[in-house]
Amino acid sequence: SCSGPFGTFDRAQLQRGFQVYKEVCSACHGLERIAFRNLSALGFSQAEVKALAKAKDVPSVDPRTGEPSTRPALPSDHWPSPFPNETAARAANNNALPPDLSLIVKARPDGQRYVHSLLTGYGRPIPKGHDVPEGLHFNPYFSSVNIAMAHPLNDDQVTYADGTKASVDQMSKDVAAFLRWTSEPEL
């Protein structure tokens, strides 16, 4: 529904997609280009935006000592990376660097469909003669077909407030639409 010059976003789907991102994807992937206040465009109230921000800590500097510290996020802060730096991210992910998802839909051909296909592409039969190295997972939609990200979604992994059944296909569609919004929130 968000494709083409007259496409529109479905706010309920974007909110569900944000929920999948927040509860599943944000454990490894950041959204460095999205500020908490941007979530008001998805229908979240100012109080909800403040609560979402306050639940996350962001890097800061102690004004008294000049030492690095953290503080609760403000609506003006951007969604923090789950890792303090690239080295920590690679150490936690078998030397793979989880990409920031802010622009992933724009960075891949047919990006929204790519994200959906990638998330639903696990569990396919491995072709004869193809070896999957240890620590990697077969996914025919990934460019090299061997991806470091393990299967991230399972049926009923999240509980949608609107009662929508949280199948892998539904969660994949929802988070792909949300990531389309993060790459072009002005649509």
Side-chain angles (χ1 to χ4, degrees), residues 1-3 7 9-10 12-34 42 55-59 78-160 164-185:
S1 65
C2 55
S3 297
F9 287 115
D10 174 350
Q13 183 180 39
L14 294 180
Q15 287 185 2
R16 290 191 309 266
F18 170 68
Q19 182 179 350
V20 173
Y21 168 77
K22 183 178 78 156
E23 293 182 22
V24 180
C25 309
S26 69
C28 297
H29 299 278
L31 284 177
E32 68 182 28
R33 296 187 182 271
I34 298 298
L42 304 184
K56 292 284 186 180
D57 286 335
V58 294
H78 286 85
W79 194 273
S81 171
F83 304 103
N85 55 48
E86 181 179 334
T87 303
R90 287 184 182 280
N93 290 285
N94 198 26
N95 206 34
L97 180 62
D100 181 85
L101 297 180
S102 302
L103 299 174
I104 197 73
V105 168
K106 284 183 132 180
R108 302 291 185 270
D110 205 7
Q112 189 171 341
R113 288 185 192 183
Y114 168 79
V115 170
H116 175 262
S117 297
L118 183 74
L119 293 173
T120 58
Y122 291 90
R124 307 263 195 254
I126 299 172
K128 290 182 181 176
H130 180 79
D131 290 325
V132 179
E134 187 176 334
L136 298 179
H137 308 274
F138 177 75
N139 190 315
Y141 299 103
F142 189 65
S143 60
S144 71
V145 302
N146 294 323
I147 186 170
M149 181 172 70
H151 186 261
L153 298 175
N154 298 298
D155 287 339
D156 301 317
Q157 190 169 351
V158 300
T159 302
Y160 287 139
T164 300
K165 173 108 173 87
S167 65
V168 169
D169 185 62
Q170 184 66 53
M171 290 184 289
S172 298
K173 286 177 183 173
D174 293 342
V175 78
F178 171 70
L179 294 175
R180 170 76 190 268
W181 174 83
T182 66
S183 68
E184 298 182 290

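Each residue takes its place number in the sequence, starting with 1.
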Between NZ of Lys173 and CD of Gln112, what distance do you get to the nearest 0.5 Å? 11.0 Å
Ser172 and side chain to side chain contact (heavy atoms under 4.5 Å, CB included): which partner among Val20, Val115, Thr120? Thr120
Side-chain touch Tyr141/Ile147, heavy atoms, less than 4.5 angstrom: no
Asn85 CG: over 12 foreign heavy atoms closer than 6.0 Å: yes
Just so I know, are the side chains of Met171 and Tyr160 near enough to count as touching, which here means a heavy-atom distance under 4.5 Å? yes
Specify the closest pair of heavy atoms between Leu97 and Ala89, including all atoms of both residues, with the distance to one decimal. CD1-CB, 3.8 Å
Using modelled atom types only, decide if a donor and an acceptor are shared between the side chain of Asp100 and the backbone of Leu31 within a distance under 3.5 Å. yes
Gap separating the CZ atom of Arg180 from the CD1 atom of Ile104, nearest 0.5 angstrom: 14.5 Å
Check: Leu119 and Val168 side chains under 4.5 Å, non-hydrogen atoms: no
Would you give the length of the straight line joining atom SG of Cys25 to atom CE of Met149, rounded to the nearest 0.5 angstrom? 7.5 Å
For Phe138 and Pro127, the nearest pair of non-hydrogen atoms, with its separation, is CZ-CD, 3.4 Å
State, to 0.1 Å, how close Asp131 and Pro133 come at their nearest heavy-atom pair, and which atoms those are. O-CD, 3.5 Å
Main-chain N/O of Tyr114 paired to Ser117 side chain as donor or acceptor, under 3.5 Å: no
Distance (rounded to the nearest 0.5 Å) between Thr182 OG1 and Leu42 CG: 10.0 Å
How about CZ on Arg90, more than 12 heavy atoms from neighbouring residues, nucleotides or ligands closer than 6.0 Å, or not? yes
Verify whether the ring centers belonging to Trp79 and Phe18 lie closer than 6.0 Å. yes
To the nearest 0.5 Å, tell me how far Gln15 CD sits from Asp174 CG. 11.0 Å
Any Gln170 side-chain heavy atom under 4.5 Å of Lys165 side chain: no
Can you give me the closest heavy-atom contact between Pro140 and Gly121, atom names plus distance? CD-O, 3.4 Å
Of the non-hydrogen atoms in Asn93 and Cys28, which two are nearest, and what is the gap between them? OD1-SG, 3.9 Å
Can you find a heavy atom in the side chain of His29 that is under 4.5 Å from one in the side chain of Pro82? no
Straight-line distance of Ser167 OG to Asn154 CG, nearest 0.5 Å: 11.5 Å
List the steps and the verdict of side-chain contact (heavy atoms from CB on, under 4.5 Å) for Trp181 and Ile34. CA-CA 10 Å; Trp181 174 83; Ile34 298 298; 4.3 Å; yes
side-chain contact (heavy atoms from CB on, under 4.5 Å) evaluation trace for Asp169 with His116: CA-CA 8 Å; Asp169 185 62; His116 175 262; 2.7 Å; yes
Determine yes or no for a side-chain-to-main-chain donor-acceptor pair under 3.5 angstrom, with Asn146 supplying the side chain and Val132 the backbone. no
Using a 3.5 Å distance criterion without hydrogens, assess whether the side chain of His151 forms a donor-acceptor pair with backbone atoms of Leu153. yes
Minimum heavy-atom separation for Leu14 to Ala177, with atom names? CD2-O, 3.4 Å
Tell me if a side-chain donor or acceptor on Ser102 pairs with a main-chain N or O of Glu32 at a distance below 3.5 Å. yes
